[in-house]
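Only this structure's heavy atoms are used, side chains among them; waters, hydrogens and symmetry mates stay out. This is a predicted model, so every value here is computed, not measured.
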Amino acid sequence: SLAPSIAPSFSPSLAPTVAPTENPIASKDFDSYIEIKYFLKNVNEENKVRLTSQPQNETEYIKSAIKKSYFQLQVISYENFLVNMVNIQGTPIDEIDRVKTRVEWTNLKDLELNAKIECNANDDISCASIQQQSRADNDFYNKVTEDLQDHYTNQNLQFVASAGNALDIMCKDCAEAAPEYVLYGLASVVGLLFVLAIC
């Protein structure tokens, strides 16, 4: 009696969305990133059981739903960016525990998802597209919401943006600018050496 109900619900939902994440791309292929905080709202206990029982699989599904929803024909394709889920409720994905984490999430109806989207700021418009689509109330969130509602069989589930997202495009390998006091100190030293050289 279990086989007919499990096969139709899992197979169709996983196949179309996992594929985009299997493209041969890696973090080293991108020069920039955007840190984004999402919220999964109206999560029920069954959803939390699923998330904590198979955190890797469920996170991959959410990442895939995010990735295919950012996709826009002739604007941004799957190989133009990489979705990394950093943590859920501050807990790294590989540390989510079926018992401990579920207890910690017992009274929570909303879960905070912290992600990092990697892209190329100089080579194409992928970073700009992700930045624009990630703004609150964009249709991107409706697409992810519909996907996750079906996946978790929860029509109250909502995928939304944090109001505090800065959506800054950050350079991955850029050295941090030296503090002003360091620059002033270096200028003073150079000036002193110049004076000594004249004397």
Side-chain angles (χ1 to χ4, degrees), residues 1-22 33-72 76 78 81-118 130-167:
S1 61
L2 290 178
S5 61
I6 292 177
S9 59
F10 279 82
S11 298
S13 61
L14 289 177
T17 54
V18 173
T21 64
E22 294 173 352
Y33 66 90
I34 303 173
E35 292 180 335
I36 306 179
K37 182 184 296 183
Y38 308 112
F39 282 100
L40 205 53
K41 300 178 75 69
N42 303 321
V43 178
N44 61 34
E45 291 306 310
E46 184 179 338
N47 301 154
K48 286 183 275 188
V49 167
R50 192 164 175 178
L51 278 163
T52 53
S53 297
Q54 297 182 317
Q56 296 291 346
N57 289 345
E58 293 305 312
T59 301
E60 284 301 317
Y61 189 95
I62 295 172
K63 285 165 54 179
S64 185
I66 291 171
K67 185 147 191 162
K68 75 173 186 178
S69 297
Y70 275 130
F71 171 83
Q72 288 188 332
I76 180 171
Y78 295 125
F81 65 105
L82 186 67
V83 178
N84 289 316
M85 192 64 66
V86 179
N87 61 62
I88 301 177
Q89 282 298 121
T91 303
I93 308 306
D94 59 359
E95 293 180 18
I96 291 177
D97 180 77
R98 186 171 66 176
V99 177
K100 180 184 175 184
T101 306
R102 196 180 302 170
V103 171
E104 293 173 349
W105 293 358
T106 298
N107 297 317
L108 297 179
K109 291 186 177 180
D110 303 337
L111 295 178
E112 179 183 294
L113 283 64
N114 290 291
K116 181 183 288 187
I117 314 297
E118 299 188 37
I130 289 167
Q131 189 180 49
Q132 178 62 35
Q133 292 189 74
S134 299
R135 301 190 189 285
D137 299 324
N138 193 282
D139 190 50
F140 157 76
Y141 294 100
N142 296 329
K143 294 177 184 177
V144 182
T145 292
E146 290 175 5
D147 194 325
L148 296 183
Q149 283 178 348
D150 290 342
H151 180 67
Y152 288 106
T153 60
N154 177 359
Q155 293 305 302
N156 295 317
L157 200 68
Q158 285 187 306
F159 184 82
V160 301
S162 167
N165 279 331
L167 300 177

Answer yes or no: does atom CG of D139 have more than 12 heavy-atom neighbours from other residues, nucleotides or ligands under 6.0 Å?
-> yes

Between the main-chain N or O of Q149 and the side-chain N or O of T153, is there a donor-acceptor pair closer than 3.5 Å?
-> no

Is K68 close to K143 at the side-chain level, that is, under 4.5 Å between some pair of heavy atoms?
-> no

Under the side chain to side chain contact (heavy atoms under 4.5 Å, CB included) criterion, do L113 and L40 qualify, and how do the steps go?
-> CA-CA 7 Å; L113 283 64; L40 205 53; 3.9 Å; yes

Can Y152 and N44 be said to form a side chain to side chain contact (heavy atoms under 4.5 Å, CB included), step by step?
-> CA-CA 9 Å; Y152 288 106; N44 61 34; over 6 Å; no

May I ask you to decide if V99's main-chain N or O and D97's side chain share a donor-acceptor pair within less than 3.5 Å?
-> yes

Are the side chain of T145 and the backbone of F159 linked by a donor-acceptor contact shorter than 3.5 Å?
-> yes

Would you check if the side chain of K41 reaches a backbone N or O of V160 as a donor-acceptor pair within less than 3.5 Å?
-> no

Side-chain heavy-atom pair N47, W105 within 4.5 angstrom cut-off = no

Roughly how far, to the nearest 0.5 Å, is the CZ atom of R98 from the CD1 atom of I96?
-> 14.0 Å

Using modelled atom types only, decide if a donor and an acceptor are shared between the side chain of T59 and the backbone of Q56 within a distance under 3.5 Å.
-> no

So do E95 and P55 actually touch side chain to side chain, heavy atoms under 4.5 Å?
-> no

Value rounded to 0.5 Å, distance of CG in N87 from CG in D94 | 10.5 Å

Quick one: closest heavy-atom pair of M85 and I93, and the distance?
-> O-CG1, 3.7 Å

How far does CD of Q131 sit from CD1 of I34, to the nearest 0.5 angstrom?
-> 5.5 Å

A161 to A136 - nearest heavy-atom pair and separation = CB-CA, 4.3 Å

side-chain contact (heavy atoms from CB on, under 4.5 Å) with Y38: of I66, N114, I88, only one passes, and it is I66

Heavy-atom nearest pair, Q133 first then S69, reads OE1-O, 3.6 Å

Residues, nucleotides or ligands: over 12 heavy atoms within 6.0 Å of R135 CZ | yes

If you count the non-hydrogen atoms of other residues, nucleotides and ligands that lie under 6.0 Å from CD in E46, is the total more than 12?
-> no

Cation-pi, Y78 ring and K67 (6.0 angstrom, 45 degrees) | no

For residues I117 and I36, determine if any side-chain heavy atom of one lies less than 4.5 Å from a side-chain heavy atom of the other.
-> yes

Can you list the steps and then say if E58 with S53 is a side chain to side chain contact (heavy atoms under 4.5 Å, CB included)?
-> CA-CA 9 Å; E58 293 305 312; S53 297; over 6 Å; no

Can D150 and Q155 be said to form a side chain to side chain contact (heavy atoms under 4.5 Å, CB included), step by step?
-> CA-CA 7 Å; D150 290 342; Q155 293 305 302; 4.0 Å; yes

Which pair of heavy atoms, one from S162 and one from F39, lies closest together, and at what distance?
-> CB-CE1, 3.7 Å

Any idea which heavy atoms bring A65 and L148 closest together, and the distance?
-> CB-CD2, 4.2 Å

Given the rule in the side-chain hydrogen bond (donor to acceptor under 3.5 Å, both in side chains) test, do S134 and Y70 qualify, once you have shown the distances and angles that lead to the verdict?
-> CA-CA 9 Å; S134 299; Y70 275 130; 2.6 Å; yes

Are the side chains of D147 and Y61 in touch, meaning some heavy atoms are under 4.5 Å apart?
-> yes

Is a donor on one side and an acceptor on the other found under 3.5 Å between the side chain of K37 and the backbone of E112?
-> no

Give, for atom NZ of K48 and atom CG of L111, the distance between the pair rounded to the nearest 0.5 Å.
-> 7.0 Å

